[in-house]
There are 2 protein chains.
Amino acid sequence: MNSNVIVRAPLHVQVAERLRLLIDSGELAPGTRLNENELCQNMGVSRTPLREAIRSLATEGLVELQPNRGAIVSVVSQEDVTEILPIMASLEGLGGRLAAMHMQTDQIEQIRQIHNQMVTHYQNNEVTEYFETNRLIHELITEGSGNQTLVDTINSLSAKVRRARFSAQMTRESWAKAVSEHEEMVIALEARDPERLEAILIEHVETKRTTILGSLQRSE
Amino acid sequence: MNSNVIVRAPLHVQVAERLRLLIDSGELAPGTRLNENELCQNMGVSRTPLREAIRSLATEGLVELQPNRGAIVSVVSQEDVTEILPIMASLEGLGGRLAAMHMQTDQIEQIRQIHNQMVTHYQNNEVTEYFETNRLIHELITEGSGNQTLVDTINSLSAKVRRARFSAQMTRESWAKAVSEHEEMVIALEARDPERLEAILIEHVETKRTTILGSLQRSE
DNA sequence: CGGGTTTATATTGCATACAAAATACGTTAT
DNA sequence: ATAACGTATTTTGTATGCAATATAAACCCG
């Protein structure tokens, strides 16, 4: 009998994870060339698993392969974000609708608590903590849909938008609006009102879109 | 000056394409083990590019990696389909809404023509041709959204459902319903009515869901 | 004869080696 | 001085080889 065999993840998976982190943190900025030898030395692996990892990231869309010239960290353009946000709106809306139907009461209570934390961070002007709790709430609602494929799809899209790093600069105004929408979200969830939660989430992403485009305007 | 340089795709890309075809056609059935040596010999390449291709397919979800035991063609379960269809509904709905706003008149006319062909195939009971024209119409509408990310996302999900091969057996009744919904779709598109087209598309995927689940019931 | 253990074989995982292409560099010619 | 060419170096692409793990087979013992 051995039911709990320990299978440590293959190297190429570990490497892919690490690369994902480096890209997500911005340590590997968009447009950066991935030099295989260099990365191999840094991570202490041979080129084979590294290259396998790069191929994976390429199909994920995180890097772009240039034949005979290696891979670069893919750049997320304004157009990309413009394309992605409406999709996110639909999907988050769907997730919210399903969550309002399926979530357990204690799970909803948990979200309420995290939401309250988020509001505190907002009031204290703690941007990083705000974004983190914000992200967590969206994640929990989506997971509350019970639809893993939906969670994966949203995550993959969300990662790209996040990497664009347009969202850092909110105006006081749009930030307030976002928080009030979040308040409404939790209320709709507590009332288990699928249609309402869906509508709010769609509206919420729309707010985000406006914020991002506004920030792009200002930065030109 | 050389603007039309011939860059032939890297081996691992070609191999991935070929594998995708084999899986999609059912030649490599779900659950089949991918033996590296065997495939290498068949395709006349070494293991390195083959393995890179397999990694790509794994992140696409077409195959499943089992550490130290290679890869198997992933099996699309009933649960998977149940998860995917609501997502498809949302996304196709979104695509339709955008398409109704953006598509050119001649593009809409083209869809009308293909639609008429499809109806003929329906009347002549030509199942294969029906499915093909059907698929083409959905593809054209989605592409009409002008949102490439949306097209890609839908295609990736759609591929999985198609691979499940539940949809082959429609009842006369559900087939008729599907055709009539398609008729409404084209009408809404010609009227450039975004909300209506979106609603029909969502309803249409719901019909598909019912059909598939019904076919699953019967096959038990 | 059957269950379990050992041994052999096959298969995957990773590293290295070689080939081809691209980039960088230096030289020459204008 | 600069542009263009050719060579050297780096970097990527592919193949092969070795180690580790899993599967299959043979064997032993009850």
Side-chain angles (χ1 to χ4, degrees), chain A residues 1-20 22-23 28-75, chain B residues 1-20 22-23 28-75:
Chain A
M1 197 290 303
N2 61 353
S3 66
N4 38 9
V5 275
I6 296 170
V7 282
R8 98 172 175 295
L11 256 189
H12 67 92
V13 175
Q14 295 183 48
V15 171
E17 253 167 64
R18 178 120 187 70
L19 281 177
R20 230 176 268 122
L22 287 174
I23 292 173
L28 287 173
T32 310
R33 253 222 160 64
L34 298 184
N35 184 311
E36 296 182 358
N37 286 321
E38 194 181 325
L39 287 170
C40 285
Q41 298 221 337
N42 284 355
M43 306 174 100
V45 298
S46 86
R47 283 178 57 212
T48 307
L50 173 73
R51 284 173 59 85
E52 290 178 351
I54 291 177
R55 298 300 177 264
S56 292
L57 296 183
T59 65
E60 279 176 40
L62 277 172
V63 305
E64 197 177 320
L65 297 183
Q66 301 178 332
N68 292 319
R69 297 177 35 176
I72 63 166
V73 179
S74 65
V75 294
Chain B
M1 193 298 297
N2 60 355
S3 66
N4 39 9
V5 275
I6 297 171
V7 281
R8 97 172 177 296
L11 258 189
H12 67 93
V13 174
Q14 296 183 45
V15 171
E17 251 167 66
R18 177 119 188 72
L19 282 177
R20 229 176 268 122
L22 287 175
I23 293 174
L28 287 173
T32 309
R33 251 221 160 64
L34 298 184
N35 185 311
E36 295 183 359
N37 285 321
E38 195 181 325
L39 287 170
C40 284
Q41 299 221 338
N42 283 356
M43 305 173 105
V45 299
S46 86
R47 282 177 59 213
T48 308
L50 173 71
R51 284 172 58 86
E52 291 180 350
I54 290 178
R55 299 297 179 265
S56 293
L57 296 183
T59 64
E60 280 177 41
L62 278 173
V63 305
E64 194 176 323
L65 297 183
Q66 301 178 332
N68 292 318
R69 296 175 32 172
I72 63 168
V73 179
S74 66
V75 294

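Naming convention: chains lettered A, B, ... in sequence-line order (proteins, then strands); numbering from 1 in each chain.
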Whole Å only: how far is the CZ atom of B:R69 from the P atom of C:dA10?
19 Å
With heavy-atom distances below 4.5 Å as the criterion, would you say the side chains of B:L62 and B:L19 are in contact?
no
Among residues 35-57 of chain B, which contact DNA chain C at a heavy-atom distance under 4.0 Å?
B:N35, B:E36, B:R47, B:R51, B:R55
Donor-acceptor contacts under 3.5 Å from residues 10-17 of chain B side chains, at least two apart:
{"residue": "B:H12", "atom": "NE2", "partner": "A:R55", "partner atom": "NE", "Å": "3.1"}
{"residue": "B:Q14", "atom": "NE2", "partner": "B:A9", "partner atom": "O", "Å": "2.9"}

Any side-chain heavy atom of A:I72 within less than 4.5 Å of one from A:V63?
no
In whole angstroms, how far is the C1' atom of D:dT21 from the CD atom of B:Q66?
14 Å
Quick check against the 3.5 Å criterion: does B:T59 have a side-chain atom that pairs as donor or acceptor with the backbone of A:T59?
no
N/O donor to acceptor pairs below 3.5 angstrom from side-chain atoms of residues 40-47 of chain B, sequence neighbours left out:
{"residue": "B:S46", "atom": "OG", "partner": "B:T48", "partner atom": "N", "Å": "3.4"}
{"residue": "B:R47", "atom": "NE", "partner": "B:E36", "partner atom": "OE1", "Å": "2.9"}
{"residue": "B:R47", "atom": "NH2", "partner": "B:E36", "partner atom": "OE1", "Å": "3.0"}

Please report, rounded to the nearest Å, how far the C1' atom of D:dG13 is from the CG atom of B:L11.
8 Å
State whether the number of non-hydrogen atoms from other residues, nucleotides or ligands found under 6.0 Å of B:R20 atom CZ is greater than 12.
yes
Report the residue (A:R33 or A:H12) whose heavy-atom-nearest nucleotide on DNA chain C is the more 5′ of the two.
A:H12
